Amino acid sequence: MTLSEVLSNLVSDRFYEMVFLHEKRKNKMKIVMLGAPGAGKGTQAKMIAEKYTIPHISTGDIFRANIKEGTPLGLEAKSYMDQGKLVPDELTVKILLDRVAKDDCRNGYVLDGFPRTIPQANVLKEALEKQNDKIDYAINVDVPDENIVRRMSGRRACVTCGATYHIEHVPPKKEGICDKCGSELILRDDDKPETVLNRLKIYHDQTQPLIDFYSNEGILKEVDGTIDVKDVFENITKILG
Ligand code: ADP
Ligand code: ADP
Ligand code: ZN
């Protein structure tokens, strides 16, 4: 083999390695956030989306946007959400699969609030398997029930852009006003204590089993969600690399 052949082999090997690693990395960024309502899934998902330049997909945000626009989907979802119940799987799964089929999801995404039931997780798994694909990480943000009701009653959400704050832990610069877009901040109807208790019960019955589901898939990662927002995020970035 001539020197130039050796060199060209080296270059192409390095080239293929770079492409391969890049592809591998791209495919490694399909993330599911698990955790009770109010655990901080949305807060962390937004930070992950920004750092890794992947879309943040929240089924709750999609439903709320539809409610605001008065679409038929919004009307149907509202009747469940107001009572703290889950929107039926059939409806939710369709919305989610349509969303992840969009072009911006090719390099991955972070799912916040989906799946919330074992059937939802199975549908997602099967849909990905058909494309030789899978979820890479399921991150469980762990916060005990005792902390949840207090967290939710302090949560404030922007009516326009969906940004979330907390009156004590994550306050906006100006009380009642969104830092990002200047709109009004509200306490969501379903964040009132009586609805939160209902949502927590449904979480334990229907969503918590997903921790075992993803543990069996070998991709479950646990983080303590009771510490500072930035410390939770630091622990997540240690996992994601
Ligand atoms: P939180 O962030 O507090 O957990 P979300 O914004 O994720 O709340 O969800 C608000 C409501 O939207 C839920 O209580 C439920 O009614 C509905 N919802 C959101 N995602 C799903 C889902 N994957 N399956 C069924 N219902 C959902
Ligand atoms: P989820 O999406 O799991 O329902 P959010 O991200 O909306 O939860 O967080 C719920 C509330 O708790 C919000 O008011 C948020 O600002 C606040 N919060 C989020 N993470 C933390 C944290 N680590 N410590 C204290 N408060 C937090
Ligand atoms: Zn806003």
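Sequence positions, counted from 1, serve as the residue numbers for this chain. One-based numbering, in listed order, for ligands and for the atoms of each. In this text, all values refer to a predicted model and were calculated from it rather than measured experimentally.
- A salt bridge links Asp104 to Arg99: one of the charged nitrogens lies within less than 4.0 Å of a carboxylate oxygen.
- Note on Glu217 versus Lys125: salt bridge recorded, some NZ/NE/NH1/NH2 to OD/OE distance being below 4.0 Å.
- Considering only non-hydrogen protein atoms, atom 21 (C) of ligand 2 sits nearest to Val229 CG2, 3.5 Å.
- At under 3.5 Å, a nitrogen or oxygen of Val87, whether backbone or side chain, sits near a nitrogen or oxygen of ligand 1.
- Residue, atom and distance of the protein heavy atom nearest to atom 15 (C) of ligand 1 are Lys85 O, 3.6 Å.
- In summary, the atoms of ligand 2 found under 4.0 Å from a heavy atom of His169, numbered by their order in the structure, are 25 (C), 26 (N).
- Near Thr59, meaning under 4.0 Å from any of its heavy atoms, are these atoms of ligand 1: 19 (C), 20 (N), 21 (C), 23 (N).
- Counting heavy atoms closer than 4.0 Å to ligand 2, residue Ala36 contributes backbone atoms (N, CA, C, O) but none from C-beta onward.
- In this structure, the protein non-hydrogen atom closest to atom 2 (O) of ligand 2 is Gly42 N, 2.8 Å.
- Between the side chains of Asp89 and Thr117, at least one donor-acceptor pair of N or O atoms lies under 3.5 Å.
- Residues Val223 and Asn140 have side chains not in contact (no heavy-atom distance under 4.5 Å, counting atoms from C-beta outward).
- Looking at Ile118 and Phe213, their side chains come closer than 4.5 Å, going by heavy atoms from C-beta outward.
- Contact atoms of ligand 1 toward Gln120: 22 (C), 23 (N), 24 (N), 25 (C) (distance under 4.0 Å to a heavy atom of the residue).
- Considering only non-hydrogen protein atoms, atom 27 (C) of ligand 1 sits nearest to Phe63 CE1, 3.8 Å.
- Counting only heavy atoms from C-beta outward, the side chains of Phe233 and Thr43 never approach each other to under 4.5 Å.
- When hydrogens are left out, the protein atom nearest atom 14 (O) of ligand 2 is Tyr165 O, 2.7 Å; that is the closest non-hydrogen contact.
- The shortest separation from a heavy atom of Gly38 to ligand 2 is under 4.0 Å, placing the residue in contact.
- The heavy atom nearest to atom 24 (N) of ligand 2, considering only Met33, Arg151, Lys230, is found in Arg151.
- Taking a cut-off of under 4.0 Å to the non-hydrogen atoms of Arg64, the atoms of ligand 1 that pass are 6 (O), 10 (C).
- You'll find the side chain of Ile135 stays beyond 4.5 Å of the side chain of Ile31, heavy atoms only.
- Counting non-hydrogen atoms of other residues, nucleotides and ligands closer than 6.0 Å to CG of Asp98 gives a total above 12.
- Taking every non-hydrogen atom of Gly225 and a distance limit under 4.0 Å, the qualifying atoms of ligand 2 come out as 23 (N).
- Counting only N and O atoms by type, the side chains of Asp145 and His204 include a donor and acceptor under 3.5 Å apart.
- Judged by distance alone, with hydrogens and angles left aside, the side-chain atoms of Glu76 form no donor-acceptor pair with the main-chain N or O of Pro72 at under 3.5 Å.
- Using a 4.5 Å cut-off on side-chain heavy atoms (C-beta onward), Tyr52 and Val110 make no contact.
- With a heavy-atom cut-off of 4.0 Å, Val170 touches ligand 2 through its side chain alone.
- Below 3.5 Å of separation, one finds no N or O of Gly154 facing any N or O of ligand 2.
- Among Arg116, Met81, Arg155, the residue whose heavy atom lies nearest to atom 9 (O) of ligand 1 is Arg116.
- Remark: at the Zn ion (ligand 3), atom SG from Cys161 and atom SG from Cys178 enclose 110°, rounded to the nearest 10 degrees.
- Between Asp191 and Arg199 there is a salt bridge, with a side-chain nitrogen of the basic residue lying less than 4.0 Å from a carboxylate oxygen of the acidic one.
- Taking a cut-off of under 4.0 Å to the non-hydrogen atoms of Thr92, the atoms of ligand 1 that pass are 22 (C), 23 (N), 24 (N), 25 (C).
- The atoms of ligand 1 that sit less than 4.0 Å from any heavy atom of Gly113 are 20 (N), 21 (C), 22 (C), 23 (N).
- Of all the atoms in ligand 2, the ones that sit under 4.0 Å from a non-hydrogen atom of Ile227 are 22 (C), 23 (N), 24 (N).
- The nearest heavy-atom contact from the protein to atom 8 (O) of ligand 2 is Gly40 N, 3.1 Å.
- If you look at Thr226 next to ligand 2, there are no close heavy atoms at all, none under 4.0 Å.
- Taking atom 19 (C) of ligand 2 as the reference point, the nearest protein heavy-atom neighbour is Thr43 OG1, 3.5 Å.
- When side chains are defined from C-beta on, Cys161 counts as touching Cys178, because their heavy atoms get closer than 4.5 Å.
- Applying the 6.0 Å contact sphere to NZ of Lys78 captures no more than 12 heavy atoms from other residues, nucleotides or ligands.
- Each of the atoms 1 (P), 3 (O), 4 (O), 8 (O), 14 (O) of ligand 1 lies under 4.0 Å from some heavy atom of Arg199.
- In Asp228, the part holding a heavy atom less than 4.0 Å from any atom of ligand 2 is the backbone.
- Not one N or O on the side chain of Thr195 forms a donor-acceptor pair closer than 3.5 Å with the backbone of Asp190.
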